[in-house]
K.L.:
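Here it is, the structure in full.
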Amino acid sequence: MNMQKRRQILERLRADNPQPTTELNFRNPFELLIAVLLSAQATDVSVNKATIGLFTDGPTPAAMLALGVEGVKQHIKTIGLFNTKAVNVIKTCTMLMELHGGEVPENRAALEALPGVGRKTANVVLNTAFGWPTIAVDTHIFRVANRTAFAKGKTVDEVEQRLLKWVPAEFKLDVHHWFILHGRYTCIARKPRCGSCIIEDLCEFKDKTEI
Ligand code: SF4
C-alpha cells in the first residue's frame with residue numbers, strides 16, 4: 001500500500017469520527033489503568049458493568065487496597081480471569097502507593113513494571129490518559145492493519161513499528177481508536193462487512209464480502 005492511500009484511509013476514518021475514544025468508562029488515569037487491566041479477554045461492555053461498583057467502592061489506589069483481593073473479586077467475578085485480575089489489581093495498587101505516591105506514572109517503563117501491564121496496556125494508558133502518540137496493537141488493530149495491507153506484519157510488535165513509521169504525525173494520537181472501532185464493528189474477525197465499509201475502495205484485502 002502506498003502512502004497516499006494510507007493518508008486517504010486515515011482522512012476518511014477521521015471524517016467519520018473526528019474525536020474517537022475508548023469504549024471503556026473511566027474518569028481519570030487510575031480508572032483507565034484498572035479498566036484496561038480488566039479488559040484482557042473480556043468485552044468493554046462487561047468491564048464497564050463491573051467497574052460501576054468497583055470504582056464507587058475503590059475510587060483511588062488506597063481505597064482499592066482497602067477492598068482487598070476478595071473485595072475486588074466480588075465486583076469483577078462476571079469477568080473472565082477474575083481471580084488473577086483481582087490479585088493484579090491489588091498488587092498494582094500497592095506499587096502505585098509505594099512507588100508513585102498513589103498516582104499513575106506517565107512513564108512507559110514504570111507502567112510496564114506493574115503486574116498484568118504489558119506494552120499494549122502501557123500504550124493505551126499513555127495514549128488515552130496522557131495524550132502520547134502511542135499505538136496499542138490489539139487483535140482488532142492487528143487484523144485491520146494486515147487485511148487492508150496498511151501495515152502488514154506477523155507479530156503485534158511488527159505491526160506497531162510499521163504503524164508508527166507510516167501513520168503521519170497528525171493522525172497518530174487517534175489511529176489506535178479508529179482501527180479498533182473499525183475492527184470491532186466493520187472489519188470484524190469472522191466475516192468483514194466490506195459492503196458497508198467506508199474504506200472499501202482503498203483496502204487491498206483480496207476476499208472482500210458483499211454485505
Ligand atoms: S473492505 Fe472489508 S476487509 Fe477491507 S477494511 Fe473494509 S471491511 Fe475490512
Side-chain angles (χ1 to χ4, degrees), residues 1-26 32 35-49 79-81 108 118-211:
M1 177 172 285
N2 62 41
M3 281 307 292
Q4 193 191 356
K5 260 194 191 178
R6 290 193 179 100
R7 174 171 279 278
Q8 280 180 291
I9 286 177
L10 294 165
E11 282 173 350
R12 246 185 244 174
L13 293 173
R14 178 171 64 186
D16 186 53
N17 186 0
Q19 288 179 321
T21 189
T22 175
E23 293 185 314
L24 289 170
N25 293 336
F26 70 100
L32 177 65
V36 179
L37 254 178
L38 297 177
S39 71
Q41 293 179 48
T43 64
D44 287 359
V45 173
S46 70
V47 173
N48 288 340
K49 275 190 193 153
I79 302 177
L81 310 175
R108 176 184 296 286
R119 184 172 178 86
K120 192 187 81 179
T121 299
N123 275 336
V124 174
V125 173
L126 290 171
N127 175 274
T128 307
F130 297 119
W132 287 31
T134 53
I135 303 175
V137 178
D138 73 347
T139 177
H140 298 300
I141 295 185
F142 185 77
R143 183 174 67 254
V144 171
N146 272 294
R147 266 186 189 159
T148 56
F150 189 109
K152 285 189 169 202
K154 289 193 177 66
T155 65
V156 290
D157 285 348
E158 228 171 66
V159 169
E160 182 186 332
Q161 291 316 314
R162 287 175 184 168
L163 285 170
L164 286 170
K165 192 163 134 201
W166 290 329
V167 172
E170 66 180 289
F171 301 103
K172 277 221 174 83
L173 183 65
D174 292 324
V175 67
H176 157 77
H177 291 120
W178 285 322
F179 273 33
I180 284 187
L181 295 170
H182 195 65
R184 198 174 274 170
Y185 297 111
T186 305
C187 195
I188 50 181
R190 275 221 227 129
K191 200 169 180 195
R193 298 178 175 141
C194 305
S196 49
C197 174
I198 60 169
I199 56 169
E200 192 269 340
D201 57 319
L202 300 167
C203 168
E204 296 180 1
F205 187 51
K206 296 279 182 289
D207 301 311
K208 288 183 188 154
T209 64
E210 288 186 8
I211 55 156

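Reckoned from all heavy atoms, side chains included, excluding hydrogens, waters and symmetry mates. Order of listing sets the numbers, starting from 1, for every ligand and every atom in it.
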K.L.:
How long is the straight-line distance from CG of L126 back to NE2 of H176, given to the nearest 0.5 Å?
P.N.:
11.0 Å
K.L.:
As an exercise, identify every atom of ligand 1 less than 4.0 angstrom from a heavy atom of C197.
P.N.:
1 (S), 5 (S), 6 (Fe), 7 (S)
K.L.:
Going by the atom numbers of ligand 1, which of them fall below 4.0 Å from some non-hydrogen atom of T148?
P.N.:
5 (S)
K.L.:
Could you go through the salt bridge (Lys or Arg N to Asp or Glu O under 4.0 Å) check for R119 and E160 one step at a time?
P.N.:
CA-CA 11 Å; R119 184 172 178 86; E160 182 186 332; 2.6 Å; yes
K.L.:
How long is the gap from CZ on R162 to CD on E158, to the nearest 0.5 Å?
P.N.:
4.5 Å
K.L.:
Before you tell me yes or no, could you show the steps for E170 and R7 under salt bridge (Lys or Arg N to Asp or Glu O under 4.0 Å), namely the whole-Å CA-CA distance, both residues' side-chain angles and the distance that decides it to 0.1 Å?
P.N.:
CA-CA 10 Å; E170 66 180 289; R7 174 171 279 278; 2.9 Å; yes
K.L.:
ring-ring contact (aromatic ring centres under 6.0 Å, His included) with F150: which of F205, F179, W166?
P.N.:
F179
K.L.:
Distance under 4.0 Å to a non-hydrogen atom of P192: what atoms of ligand 1 satisfy this?
P.N.:
2 (Fe), 7 (S)
K.L.:
Look at atom NZ of K152 and say whether more than 12 heavy atoms of other residues, nucleotides or ligands are closer to it than 6.0 Å.
P.N.:
no
K.L.:
Minimum heavy-atom separation for F26 and T128, please, with both atom names.
P.N.:
CZ-CG2, 3.9 Å
K.L.:
Look at atom 8 (Fe) of ligand 1 and say which protein heavy atom is nearest, naming residue and atom and giving the distance to 0.1 Å.
P.N.:
C187 SG, 2.4 Å
K.L.:
Starting from atom 3 (S) of ligand 1, what is the nearest protein heavy atom, named by residue and atom, and what distance separates them?
P.N.:
F205 CD2, 3.4 Å
K.L.:
So, is C203 placed with an N/O/S atom under 2.8 Å from atom 4 (Fe) of ligand 1, counting both backbone and side chain?
P.N.:
yes
K.L.:
Considering the heavy atoms of E200, write down every atom of ligand 1 situated less than 4.0 Å from one of them.
P.N.:
1 (S)
K.L.:
State whether C194 contributes an N/O/S atom found under 2.8 Å from atom 2 (Fe) of ligand 1.
P.N.:
yes
K.L.:
Using a 4.0 Å cutoff against the non-hydrogen atoms of H182, which atoms of ligand 1 qualify?
P.N.:
5 (S), 6 (Fe)
